[in-house]
Amino acid sequence: MTTDNGQRTKPLRPATVLVHQGRDRDPATGASAIPIYAASTYHHTEGRSGEYDYARSGNPSRDQVEEAIALLEGGVRGFAYASGMAAIGSALSLLKSGDHVIAPLDLYGGSWRYLNVVAPQQGIAVTFVDITDLNAVEEAILPETRGIFLETPSNPLFNITDLRGVAGIARKREILTFLDNTFMTPLLQRPLDLGIDVAIHSGTKFLGGHSDLLAGLVTTADPGLVRRLKQFQNAFGAVLSPFDSFLLARGIKTLKLRLEAGQQNALVLAERLSEHPAVVRVHYPGLASFPGRALHFSQATGAGAVLSVELKEKDQVKKLLRTVKLPIIAPSLGGVETILTHCWSMSHAAIPADEKVRLGITEKLVRLSVGIEDVEDLWDDLTAGLG
Ligand SMILES: *Cc1c(COP(=O)(O)O)cnc(C)c1O
């Protein structure tokens, strides 16, 4: 922590950390918001570098969100990047050519593309397994396995992975574990406490919360990994801009209110949709019938605000997308507004059709990131679309 707020004797609770973060006022002026420090470089008095020297290496606006994510996840230092994918790529820079990685079958489309296309070009071999099956994980381990990449709940099918179980397997063999914690946020799931080495976020989603920025965050509790992540961030330069840092810090302040409101709405919609005649199945950890419910709630404190719905017919998806008025129809999630995604053609477009079918991501599946609107308006709008 580079904070100069001093050591706190009693740890603050998450809602307080969200609002005050590591620094809650500008040290230079006392201003109630850390300004957007647009400067690219800093005066070296008498030729000597001060705390800041060049904005790629460090910037007070970015420091605010880097401290915030470390405090929220229980890391020793955080890193902010220009997008969630830049965060994932930068975290995976902890691996090198010749290493082998184990990854889940179903995961965010961009991560799937990175692990299928970019990682192999860098000489990193990837095996995709049913990561919810700990035996399958053990069996996939090779002498050169150095990383396990995780996402739980998985996107968009909400498969639940036993984080403590995977971390236990990996620790024994000095394999690094990476978790994309975007769906849960540190408010609902704290992977570092469960033994995961590196927590990753797309700040574009719930942390930013208003669908108006792109950002990525990484944190870890291991000082050795911190040094390497810091070096790569400075060397590669995919840093979060001062303006987006400001927006992200501002969004993080209201995360608890937004996420709890969205989560409450999501449960109402999930329960009602499960009973709807157009619906085959709803995937949502908050449902009493959800298969991974016990495991999910053994490692997370909430179900989140995203669910997915399998409809009976392809035509019903078309009608829904044509009819709904409130949700923005788009490949994203985590905004104050409800976002409806046709995973097949949007968020998971990067995955070839036959592969999607094999994974169970069908053309009849839609994902709903439930916003903070009045749930009755959302229900009226959705049921009009479902006919
Ligand atoms: C959106 C998303 C990403 C990628 O984040 P960007 O900010 O769009 O680069 C990664 N993982 C998950 C789970 C996401 O939802």
Side-chain angles (χ1 to χ4, degrees), residues 1-39 42 50-53 55-82 87 181-182 184-190 192-193 199-221 226 229-230 233 239-262 301 334-336 372:
M1 254 350 54
T2 52
T3 179
D4 50 20
N5 284 3
Q7 290 274 312
R8 291 202 172 90
T9 46
K10 201 169 167 191
L12 297 172
R13 293 163 182 85
T16 311
V17 176
L18 289 170
V19 174
H20 290 275
Q21 305 177 9
R23 51 184 81 185
D24 59 1
R25 62 210 76 169
D26 180 26
T29 62
S32 62
I34 305 284
I36 300 166
Y37 281 88
Y42 293 80
E51 184 183 351
Y52 297 100
D53 57 14
R56 174 163 30 75
S57 317
N59 167 290
S61 311
R62 196 173 88 224
D63 279 356
Q64 184 182 11
V65 288
E66 294 190 332
E67 285 179 23
I69 196 62
L71 287 169
L72 289 166
E73 288 281 22
V76 291
R77 195 195 188 292
F79 299 93
Y81 304 93
N181 202 24
T182 300
M184 286 291 101
T185 83
L187 210 55
L188 301 181
Q189 183 167 270
R190 297 230 316 175
L192 304 185
D193 294 348
I200 307 172
H201 292 273
S202 170
T204 311
K205 313 295 168 56
F206 288 102
L207 295 173
H210 297 76
S211 303
D212 57 5
L213 64 91
L214 275 184
L217 296 162
V218 168
T219 187
T220 173
V226 159
L229 287 166
K230 174 71 199 158
Q233 185 192 41
V239 294
L240 189 62
S241 77
F243 180 64
D244 288 333
S245 298
F246 169 82
L247 282 179
L248 180 58
R250 179 185 163 101
I252 286 172
K253 292 180 187 183
T254 56
L255 174 66
K256 185 165 189 284
L257 296 174
R258 290 184 287 100
L259 187 58
E260 287 179 355
T301 55
V336 286
I372 65 173

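Checking side-chain atoms of R77 against main-chain N and O of E66 turns up no donor-acceptor pair under 3.5 Å. Proximity of a side-chain donor or acceptor of E67 to a complementary backbone N or O of Q64 within less than 3.5 Å is not detected. With R250 contributing its side chain and A33 its backbone, the two residues share no donor-acceptor pair below 3.5 Å. Between the S61 side chain and the F246 main chain, no donor and acceptor come within less than 3.5 Å of each other. Checked by atom type and distance alone, the side chain of R23 never pairs as donor or acceptor with a backbone atom of A68 at under 3.5 Å. At distances below 3.5 Å, at least one donor-acceptor pair connects side-chain atoms of Q21 with backbone N or O atoms of A249. Between the side chain of T204 and the backbone N or O of A215, at least one donor-acceptor pair lies under 3.5 Å. E73 places no side-chain N or O within donor-acceptor distance of the main-chain N or O of I200, the cut-off being under 3.5 Å. A distance-only check finds a donor-acceptor pair linking the side chain of S241 to the backbone of D244 [under 3.5 Å]. A donor-acceptor distance shorter than 3.5 angstrom exists from the side chain of N59 to the backbone of Y37, with no hydrogens or angles considered.
Smallest separation of non-hydrogen atoms from P14 and L72: O-CD2, 4.3 Å. Of all non-hydrogen atoms in R258 and V336, the two that sit nearest each other are CD-CG1, 3.5 Å. When all heavy atoms are compared, the tightest approach of A70 to G78 is CB-N, 3.6 Å. When all heavy atoms of A39 and A55 are compared, the closest pair comes out as O-CB, 3.4 Å. Considering all non-hydrogen atoms of both residues, G74 and A221 come closest at O-CB, 3.9 Å. Taking all atoms of both residues into account, the shortest heavy-atom contact from G262 to I372 is N-CG2, 4.0 Å.
In this structure, the side chains of P186 and L207 come closer than 4.5 Å at one or more pairs of heavy atoms. No side-chain heavy atom of L213 sits less than 4.5 Å from a side-chain heavy atom of F243. At least one side-chain heavy atom of D63 sits under 4.5 Å from a side-chain heavy atom of Y52.
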Review point. For L12 and H20, what are the C-alpha separation, side-chain angles and deciding distance, and is it a side-chain contact (heavy atoms from CB on, under 4.5 Å)?
Key: CA-CA 10 Å; L12 297 172; H20 290 275; 5.5 Å; no
Review point. Going through the checks in order, is the side-chain contact (heavy atoms from CB on, under 4.5 Å) test met by L248 and L217?
Key: CA-CA 10 Å; L248 180 58; L217 296 162; 4.0 Å; yes
Exercise for review: Take H210 and T254, measure what side-chain contact (heavy atoms from CB on, under 4.5 Å) needs, and give me the verdict at the end.
Suggested key: CA-CA 11 Å; H210 297 76; T254 56; 4.3 Å; yes
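The side-chain contact (heavy atoms from CB on, under 4.5 Å) test applied to D53 returns H44, S49, S57, not counting sequence neighbours. Not counting sequence neighbours, the partners of K256 by the salt bridge (charged side-chain N to carboxylate O under 4.0 Å, His left out) test are E260.
In this structure, CG on L18 lies 9.0 Å from CG on L257, to the nearest 0.5 angstrom. Atom OG1 in T185 sits 13.5 Å away from atom NZ in K205 (nearest 0.5 Å). Taking NE2 from H201 and CD1 from I69, the interatomic distance works out to 4.0 Å, rounded to the nearest 0.5 Å. The CZ atom of R190 sits 15.5 Å away from the CE atom of M184 when rounded to the nearest 0.5 Å. Rounded to the nearest 0.5 angstrom, I34 CD1 and T29 OG1 are separated by 8.5 Å. We find the CG-CG distance between N181 and L192 to be 8.5 Å, quoted to the nearest 0.5 Å.
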